[in-house]
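Report on the structure given below.
Here the structure is a predicted model, which is why all the values come from computation and not from measurement. Chain A is the first sequence line, chain B the second, and so forth, proteins listed ahead of strands; every chain is numbered from 1.
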Amino acid sequence: MKLIVAIIRPDKLNDVLESLYRAEVKGLTVSRVLGHGGETDAVETYRGTTVKMELHEKVRLEIGVSNPFIEVTVRAILEAACTGEVGDGKIFVVPVENVYRIRTKEKDEAAVTPALH
Amino acid sequence: MKLIVAIIRPDKLNDVLESLYRAEVKGLTVSRVLGHGGETDAVETYRGTTVKMELHEKVRLEIGVSNPFIEVTVRAILEAACTGEVGDGKIFVVPVENVYRIRTKEKDEAAVTPALH
Amino acid sequence: MKLIVAIIRPDKLNDVLESLYRAEVKGLTVSRVLGHGGETDAVETYRGTTVKMELHEKVRLEIGVSNPFIEVTVRAILEAACTGEVGDGKIFVVPVENVYRIRTKEKDEAAVTPALH
Amino acid sequence: MVSSVLSAAALLAAAVQEAAAAAPPPTVSPADTAWMLVSTALVLLMTPGVAFFYGGLVRAKNALNTMMMCMAAFGVCGVIWAVVGYSLAFGTGGNYLGDFSFALLNNVGLDAKGTIPHVLFMAYQASFAVVTATLIAGAIVDRMRFGPYLAFIGLWTVFVYAPIAHWVWGGGWLSKLGVLDFAGGTVVHINAGVAATVAAIVVGRRKDFGRQAMLPHNVPFALLGAALLYFGWFGFNGGSALASNASASQAFAATMLAPMATLVVWMLLDYFRNKHATAVGAATAIVVGLVVITPAAGFVSPQSALFMGALGAIPSYYAIVWRSRTRLDDSLDVLAGHGVGGMTGALLTGVFADAAWGGTNGLLHGNPGQLLKQATGVAATIVYSAIASFVLLKAIAMVSALAADARAQGRGMDISQHGEEAYTNGEGALLVLETVEAQPAARPAKVATAGGVA
Amino acid sequence: MVSSVLSAAALLAAAVQEAAAAAPPPTVSPADTAWMLVSTALVLLMTPGVAFFYGGLVRAKNALNTMMMCMAAFGVCGVIWAVVGYSLAFGTGGNYLGDFSFALLNNVGLDAKGTIPHVLFMAYQASFAVVTATLIAGAIVDRMRFGPYLAFIGLWTVFVYAPIAHWVWGGGWLSKLGVLDFAGGTVVHINAGVAATVAAIVVGRRKDFGRQAMLPHNVPFALLGAALLYFGWFGFNGGSALASNASASQAFAATMLAPMATLVVWMLLDYFRNKHATAVGAATAIVVGLVVITPAAGFVSPQSALFMGALGAIPSYYAIVWRSRTRLDDSLDVLAGHGVGGMTGALLTGVFADAAWGGTNGLLHGNPGQLLKQATGVAATIVYSAIASFVLLKAIAMVSALAADARAQGRGMDISQHGEEAYTNGEGALLVLETVEAQPAARPAKVATAGGVA
Amino acid sequence: MVSSVLSAAALLAAAVQEAAAAAPPPTVSPADTAWMLVSTALVLLMTPGVAFFYGGLVRAKNALNTMMMCMAAFGVCGVIWAVVGYSLAFGTGGNYLGDFSFALLNNVGLDAKGTIPHVLFMAYQASFAVVTATLIAGAIVDRMRFGPYLAFIGLWTVFVYAPIAHWVWGGGWLSKLGVLDFAGGTVVHINAGVAATVAAIVVGRRKDFGRQAMLPHNVPFALLGAALLYFGWFGFNGGSALASNASASQAFAATMLAPMATLVVWMLLDYFRNKHATAVGAATAIVVGLVVITPAAGFVSPQSALFMGALGAIPSYYAIVWRSRTRLDDSLDVLAGHGVGGMTGALLTGVFADAAWGGTNGLLHGNPGQLLKQATGVAATIVYSAIASFVLLKAIAMVSALAADARAQGRGMDISQHGEEAYTNGEGALLVLETVEAQPAARPAKVATAGGVA
Ligand SMILES: Nc1ncnc2c1ncn2[C@@H]1O[C@H](COP(=O)(O)OP(=O)(O)O)[C@@H](O)[C@H]1O
Ligand SMILES: Nc1ncnc2c1ncn2[C@@H]1O[C@H](COP(=O)(O)OP(=O)(O)O)[C@@H](O)[C@H]1O
Ligand SMILES: Nc1ncnc2c1ncn2[C@@H]1O[C@H](COP(=O)(O)OP(=O)(O)O)[C@@H](O)[C@H]1O
């Protein structure tokens, strides 16, 4: 079991969600973050003060997957999130020891299998 | 040592904090996130535009614990965060290699033992 | 390869970014979080209602590094983020199995080496 | 000669008539009209003022619902006022109620009512009816369903507000008794404060009341609301002179001064109790000061206005402290602000009123009887407003639940009552397309395409 | 004797003159001046009103750009109005255009124009010119580049607004024809609505239009905007009487009542269609009601104002529903709100106008011809505004691209057009220091020091 | 006969008297009263205008404190004005100070002062005193402790504002000298700008000033503030005619036109310097334009108002650019906006003033001496304001520290000075219950229960 952490562009969230949906990856958690990488910084001016915006808006996805899904999930993101320009982001694959579904207290594989209802 | 990452309902944060407090788990970090799972989507309308809200507000907890606390922490969350309805969230237990307390530069076990003052 | 997760004070982000920059650590992701630890709680009053603010604003850094950089990164943070008062935060070092750079689909070491352009 | 003299006299008469034409008997006065046009606009601005005052004090998930409770009153109470409310309040009628002579705005024309066109007088009164109803919202935000709420304030305008307005301003029994209420201490504030308390009780407490902290999501909005209220209140009190004259000026000055004194006292109370003067407290203090001076504005000296403002801070301040320790979930303290503030003002009017500054003398000027009259007015308003509001709410409750269920409250009233959110960024919002057939479909899929980040 | 009689007559004459001085032939009237001063200020407040109404409805990354499109009109259109616009609209000229007699505000002095100083009349008209131009912004927010936008509204004020204002208010052909437009249904609303639609088409659709949900980032701001518009509109319509009189009062009451009725009907339509009455809908309804009553305000009874408001909700409501299914990217529905609303109002004026309440009779009072005149006014405005706006936009497009490229739209118009953000917390903002040489440098480094968290 | 002629003459006399009654010697004029009521309300709205203008420009953690610095002035400066300030400024007194004849508002009644009730004149002046004090806040936000701040503005109103107001408007030496200051260029703007600069220096720099970027947390609020200021300023300048007449109209038009021109020039300067016209810049430009025209509004032609607005942009623009490179931490550039803007305006008044438009001629109309007089007024204000403000601040500093310590600044002034936050969502907020004994305790625990998410 792995936790896949992906940092992507906000305007690609759209496409990534669709791509994951097609790959049948349905459970995920999203948050807004700020990223620093190789991108050129935007310059803003507030009255006399000029600032360089070093951090850029990104979206962070966190997806717990069972082993057979690791590959497809990574591929789905890599494809949907890519523009080819600096700032596309990164994917980290982190090992996970246990997963629990809070509602049912199911553990591990069962916990990340989508609920049927 | 583990990092316990839990995704819960915002209106259960309350109870989870209390439950963790009773389990003597005192250090933790919280953030607002959006989750996608099996929940039915809310429909909103803005003038002529109808949208389905695919992502639901959740709270993410991140708790670094030493091994003896893993079990109790997971149990505390599982109990306090559960409503039995779809959308209760997940817990991920992630291995951690080192922990540092920035203030004292203590490492590992010592770093996650609550400070006495 | 590791993912270094650090919880620091918001007003130290400044210094930490500089310190990391000097350590040649350039890729990172930042988010606003709320932390609970040993700090004393602020009391606020809204009309008749008095509340204790249990959670304090913190900033969370997430930095994927290749093995030779683990040490310097941790050290850079430990030094720059420390005030010596309760609430300085923690650093967690989490193992990572794979890293991908979305733009180029590079993997692992290559993925976290700063792009040259 | 005689004739020439006579003709001189005739000319003279003409001259006199011309002079008289220059100073006509008080029909429509352009200057009074100008001030009352402005006053009406100012009072109408108080409704959004309440919307922001209340809306800033609730949690973000209930912000729109709270604001809509105010803004929708423009529609519901405004139309009802035009249809029947105005007539019931200001039609001649009897001691307790007007009649239907002005129903549907019949006979409300351009002729003078006092020194302004009748249609303007009606508009001015409409602005009062709307803002009074919105005050009630503060007690039941975060939980009352939107439909029953609208039904309540609509009916309340007809069955509670209009009668009491008739008693005090429409020639009813309280005015005959000699109760002083310059701009609506009883009619507006005590009335709304009592109705709000009854509503808070009948609708019931909020989910998690007393268990969770429910904090203001946007205090600047509350300050903006207080500022708009302060500004609009100059029309509310100053306009109640119904003319652009000394009385209006005096009422204006009183309306300016009283909240200044309230603010100072409130900040001191706050400071001694909590070690801080708070912004939420300051916003509240301004409103309380305005409420307190409302019944007295045209009857007291500027010095008395300062005193009344200062004194008026105390009961409302401690009413809030007390209320927050009880199980009464008057969410935004309408009782303490408008109810208690209104009572303080109405009674103090009986103390400070000064015939030299308009109206009758009060206790301090040798007429203790006035205080009794004021107390009568207060008591009558409390009793009638409480009973009638209770009956209306219970009647509505028979048709439809008053409160939203716990789940709807949990998701927030904005989503559950209005299907929208105050602050969205579009993350994860999936667009549901219903393209017109003639247009090329945006996507092959039948209904939905992917949403994105704003 | 004779002489004494004569001297009496002389005295008499003096008396008559004195009397006449007391009631002078309508030169400057202080009361009318007071109301028109206020009205002008109120109309000027409508521009920020539009800024917040529009600004709240766009995404956060475009909020400042949207607001600036309104606020900058104060500068561009205001100055152009003073330089040449006012003269072209209100200089005597001919049937189709004024002249340059008032160019650069020459001959605009303190003498009376009607019963107010000429300089005040000019200021009042300036406030109209500015707010009309800002209405257009709603159709092209989120994408039109700021420079070309300013060029467009500047030229539009001269070449489209001023001529049509001359037709209707400056003694031009539509006023001679007898078209009724009390406060600007054609000149302001149809005109802006049509120009906005043309601009939406010529500038082109937004990136991701129809693919992504673009939701309002701050609905309370939209409500604030609607409230400021409602408030300011009392100057817009009430002030169009140009005096503090019965007509102003009637126009005021109509302006108050119509949106109330629109709000009720709109909430019902919303409820039956979406199961919810929305706040965005309520804000829109208020504006639509105001638009609809604008041409009629001084010509119809209060009852008719209620009817017009109620009826007026329907076409605009369904125009929005229809538009959102098409590929027309009129981002904030200026066509539906101001264009369709303005047409509804202009035509209904021809139906409800009542000579007993000012103006001419309309269809319902036995004069069907008025409806035809109204239709002529509507058609002329649509045709001229559409063609002239199109030509202006195409001319500007020859010099400079109208729309920002996809990348700039993606980053947001605030950053790309103004180099700033509406809401920042300073995280990761690196200060670029340019210390004055004489001062000790803050840091050894030459230009930059570390940024921090706000 | 004779007698009949005489009686005719008698009648005549009566007629003349009647005519005279119709046009009384300037006692209270209803129309002037109407306009001054409105003007006073408008000026009072400027204080919240400043609150939002400043509040939007600071960081979120200091937003409430900044707004409270403005709103609390209603209390502190308003009450002090009533108690003693008004009397010191407008009591007859001598060349340098009034007297105590109006202390505690004694002798401030309903009789005419000019053509309006005295009590209204006092209220109008109070609104000036309050807003002037709040301007100072901009220089010391983010760091000055709330108590000492209130002490300072309270004392400042008495010892600095009231005397200078007496010099210029109360019959003091500057008015005798013939210095032109229509609505407060010296008294209000230079005075506040200088005091603010002194305060910025005496209180000291903010923690991290020059090291961290401190960015506006809510630019729309700053725009809202600028809009409210623009709106309110019509009362500030237009009302300074103290009547509803040509002078008021002229001042109104000048107040409308000048900021329009400033806005255009400012956007151009911004564009050429930064490649962008910014929204913060636009908000600033509007305020600067208003400041510049303030002393001149009733003395110059509309064309000159446009010129003054345009010229006035330049010194303030470059003052901001210069200041941000220095170590002077005048946080929101009160010196550049109000100080420099006020000086520009006061001096340009001496250039553009035109007796044909009211007042005296200036340089351009052949009276270079006026410029000298203006310079004297400016210099006197600068010197007195700087010294007196310095002394007051140092005196307060002896009792209590002026600045909050670094830790308090770090946590934010909202929490450290007011114990509350502008924007909360209740996450992790633990409710501290103090239930009334008679009530069943909500929870078994003695004081606290768990907090939750809003
Ligand atoms: N080592 C890293 N650890 C964590 N996040 C990173 C790291 N490197 C990059 N990121 C995230 O990825 C985003 C894009 O990275 P960047 O280096 O700019 O682009 P690219 O991957 O295209 O070279 C950054 O804004 C940051 O949020
Ligand atoms: N595989 C996953 N990885 C990360 N987060 C998940 C995953 N599955 C669910 N979540 C989070 O948990 C929340 C609830 O999950 P959901 O599947 O709706 O409910 P349940 O666990 O009750 O079946 C989601 O909104 C999401 O935030
Ligand atoms: N066990 C933990 N797991 C996750 N985050 C923690 C943990 N302990 C502390 N933190 C984070 O670190 C912050 C500071 O910790 P605290 O214990 O107050 O200070 P210190 O480390 O100086 O003793 C907390 O606010 C919280 O965000």
query: Are the charged groups of B:Arg75 and B:Glu79 less than 4.0 angstrom apart, N to O?
result: no

message: I'd like to know if B:Glu57 and B:Arg32 make a salt bridge, using a cut-off of under 4.0 Å between side-chain N and carboxylate O.
response: yes

- prompt: Can you tell me how far the OG1 atom of B:Thr40 sits from the CD atom of B:Glu54, to the nearest 0.5 Å?
  reply: 12.5 Å

query: In Å and rounded to the nearest 0.5 Å, what is the OG to CD distance from A:Ser66 to A:Glu109?
result: 5.0 Å

task: Among the options B:Ala6, B:Cys82, B:Gly35, pick out the one with the most heavy-atom pairs lying under 4.5 Å from chain A.
output: B:Cys82

Pairing residues for B:Asn98 by the side chain to side chain contact (heavy atoms under 4.5 Å, CB included) criterion, not counting sequence neighbours: B:Tyr100, B:Lys107, B:Asp108, C:Val93

[X] versus chain B, heavy atoms under 4.5 Å apart: side chain, backbone, both or neither?
X	value
A:Leu3	side chain
A:Glu62	side chain
A:Val99	both

message: At a heavy-atom distance under 4.5 Å, which candidate from A:Leu28, A:Val96, A:Thr104 has the highest pair count against chain B?
response: A:Leu28

field: B:Lys58, part contacting chain A, at a heavy-atom distance under 4.5 Å
entry: neither

